[in-house]
Amino acid sequence: MDTSICSIDGMEGILRYRGIEVEQLEQMPYDAVSYLLIYGKIPAPQELEAYSRKLREERYINREILNVLKVCNYGTEALDSLRTAVCCSAHMDEEKDDSSMEANMNKSIRLVAKFPTLVAAVHRYKTGKFLIAPDEKLSHGANFLYMLRGTVPSAIEAEAIEKDFILSAEHELNPSTFSLRITASTMADIYSAVITGLCTLKGPLHGGARKGVMDMLDEVASHENAEQYVLDKFSRKEKVMGFGHRVYKTCDPRAKLFKDIAKKLADDHGDTQWYDLAERLEQVMYREFMQNKGRPIYPNVDFYSAVVYKYLEIPPELATSVFAAGRVSGWVSHYFEQYSHNRVIRPRANYI
Ligand code: CMC
């Protein structure tokens with residue numbers, strides 16, 4: 001399948017969105033990267049201003065959706081509640097019956113803008129807290145942390161969550177994007193496609209791995225226990241979450257960037273517990289994999305992002321949903337690309 005959205009060099013560990021390396025993208029605001037993914041070019045200052053304004057105006061959630069969320073949020077996983085909320089957003093979209101390009105663009109902006117608000121609402125309801133309205137003065141990421149935690153984040157925290165959204169935004173034909181493209185290829189609507197992506201993201205071998213890493217950090221608790229944890233995993237032939245990748249044969253470039261963000265947060269918080277523990281797990285995994293399989297294994301995107309979430313006080317149950325809030329810009333870009341020169345995706349099976 002051809003794409004002009006993303007390219008990955010798995011041997012060299014290079015990831016580009018629209019031809020630009022993630023190391024450069026990470027220096028931009030999330031809104032600019034979202035625009036780049038969807039419109040295919042870096043926005044001019046006035047274009048970015050207009051796009052950002054629309055995103056800020058569209059952050060609000062309609063009361064009916066919040067009422068549904070309130071009811072369906074008990075005893076469900078956060079991602080399932082988010083999925084229900086996105087389904088309701090589809091029903092209530094004022095342009096739901098309009099499949100013109102203009103209406104689809106408006107829907108994509110609504111999706112990108114509202115995902116963080118929905119994720120924050122899921123969490124606030126689940127923890128019995130009152131909802132916090134979006135603050136249009138704050139950036140996309142900072143506003144999310146504000147709605148989630150109830151206090152305006154520090155500059156370093158705001159930068160960390162913006163970078164998280166950027167590094168989570170796109171990754172070529174990963175499972176959720178591929179499944180979304182299949183739905184798009186049937187000419188189904190944009191909400192159906194995004195909901196397909198959301199469902200596929202859930203699994204522990206894909207987006208769910210971030211929660212898996214957070215759970216592991218809690219279980220291991222201290223860097224002194226890391227070695228035994230990995231040895232036990234190897235002896236039981238179990239996978240360690242946050243390591244390995246189908247495409248990268250070297251370190252995932254996002255993992256390196258997330259590691260730097262985690263270090264900055266650890267130093268800023270004056271608490272290196274999670275960072276030290278993660279670094280020790282990385283060292284032992286590398287050594288054990290070399291000894292057992294004769295080749296290295298590296299952390300993937302979910303490993304150090306989980307450490308970042310620990311410092312940002314994002315609970316493990318919410319990790320996949322926060323991932324989705326960043327990924328939605330990539331998903332809608334793939335929807336448009338599929339839709340614009342479509343051929344139904346219908347692979348054949350090999351009958352045995
Ligand atoms: N821990 C221990 N062993 C591993 C791991 C791991 N994390 N990953 C791969 N291996 C071993 C695996 O047991 C197998 O060994 P053997 O050849 O002896 O059977 C070998 O490496 C190849 O494994 P595989 O599952 O066939 O590798 P793959 O390239 O098909 O799978 C993967 C890639 C990401 C599914 C896998 O590495 C994995 O399950 N990792 C843990 C889950 C995880 O972190 N997922 C996030 C993926 S990246 C972001 C995303 O897609 O959302």
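Computed from a predicted structure; not experimentally measured. In listed order, ligands and their atoms are each counted from 1.
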Here the atoms of ligand 1 under 4.0 Å from any heavy atom belonging to Met285 are 1 (N)

Examine the proximity of ligand 1 to Glu288 and report which part, side chain or backbone, both or neither, has a heavy atom under 4.0 Å away.
neither

Shortest protein contact, atom 48 (S) of ligand 1 (heavy atom only)
His245 CD2, 3.5 Å

To check your reading of the model: name the closest protein heavy atom to atom 19 (O) of ligand 1, its residue, and the distance in Å.
Lys293 NZ, 4.7 Å

Please work out, at 4.0 Å between heavy atoms, whether the side chain, the backbone, both, or neither of His171 comes within that distance of ligand 1.
neither

Which is closest to atom 44 (O) of ligand 1 by heavy-atom distance: Ala255, Gly242, Gly244?
Gly242

Aromatic ring proximity Tyr248/His171, centre distance under 6.0 Å
yes

Considering only heavy atoms, does Lys233 approach ligand 1 within less than 4.0 Å through its side chain, its backbone, both, or neither?
neither

The atoms of ligand 1 lying under 4.0 Å from a heavy atom of Ala209, numbered in the order shown, are 43 (C), 44 (O), 45 (N), 46 (C)

Looking at Thr196, Thr183, Asp93, which hits side-chain hydrogen bond (donor to acceptor under 3.5 Å, both in side chains) with Tyr191?
Asp93

Looking only at the side chains, is there a donor atom on one of Tyr298 and Asp252 sitting less than 3.5 Å from an acceptor on the other?
no

Does only the side chain of Phe289 get under 4.0 Å from ligand 1, or the backbone, or both, or neither? Count heavy atoms.
side chain

Step through the shown structure and confirm whether more than 12 heavy atoms of other residues, nucleotides or ligands are within 6.0 Å of CD on Glu102.
no

Glu94 and Lys107 ion-paired at < 4.0 Å
no

Can you tell me which portion of Asp302 lies within the under-4.0 Å heavy-atom range of ligand 1? Options are side chain, backbone, both, or neither.
side chain

Check the side chains of Arg210 and Ser305 for a donor-acceptor pair under 3.5 angstrom, ignoring hydrogens and angles.
yes

Are there over 12 heavy-atom neighbours, none belonging to Arg236, within less than 6.0 Å of that residue's CZ?
yes

Does the side chain of His223 come under 3.5 Å of the side chain of Gln273 through a donor N or O and an acceptor N or O?
no

Taking NZ, NE, NH1 and NH2 as the nitrogens, is one of them in Lys202 or Asp80 under 4.0 Å from a carboxylate oxygen of the other?
yes

Can you check whether a protein heavy atom sits less than 4.0 angstrom from atom 26 (O) of ligand 1?
no

Minimum-distance protein heavy atom relative to atom 52 (O) of ligand 1
His206 ND1, 2.7 Å

Side chain, backbone, both or neither: which part of Val301 comes within less than 4.0 Å of ligand 1 when only heavy atoms are counted?
side chain

Cut-off 3.5 Å, side chains only: do Ser192 and Asp189 have a donor facing an acceptor?
yes

For atom 31 (O) of ligand 1, the protein heavy atom that lies nearest, with its residue and separation
Arg246 NE, 4.2 Å

Relative to the heavy atoms of Arg295, which atoms of ligand 1 are at a distance of less than 4.0 Å?
20 (C), 21 (O), 22 (C)

So is Leu205 polar-close to ligand 1, meaning N/O to N/O under 3.5 Å?
yes

With a 4.0 Å cut-off, strictly under, does atom 2 (C) of ligand 1 pick up any protein heavy atom?
yes

Using the ring of Phe130 (Phe, Tyr or Trp, six-membered ring only), decide whether Arg124 places NZ or CZ under 6.0 Å from its centre and within 45 degrees of its axis.
yes

N/O to N/O below 3.5 Å, does that happen between Pro204 and ligand 1?
no

Aromatic centroids of Phe165 and Phe144 separated by under 6.0 Å:
yes

Please classify the Leu201 to ligand 1 contact at 4.0 Å (heavy-atom distances, strictly less than): side chain, backbone, both or neither.
neither

Given Val240, Val247, Asn300, identify the one with the heavy atom nearest to atom 6 (C) of ligand 1.
Val240

In this structure, does ligand 1 have an atom that sits under 4.0 Å from one of the heavy atoms of Val213?
no

Residue Gly207 vicinity, atoms of ligand 1 by number, heavy atom under 4.0 Å
52 (O)

Answer yes or no for atom 33 (C) of ligand 1: protein heavy atom present at a distance under 4.0 Å?
yes

Of all protein heavy atoms, the one nearest atom 12 (C) of ligand 1 is Lys239 CE, 4.0 Å

Under 4.0 Å from atom 15 (O) of ligand 1, can you find at least one protein heavy atom?
yes

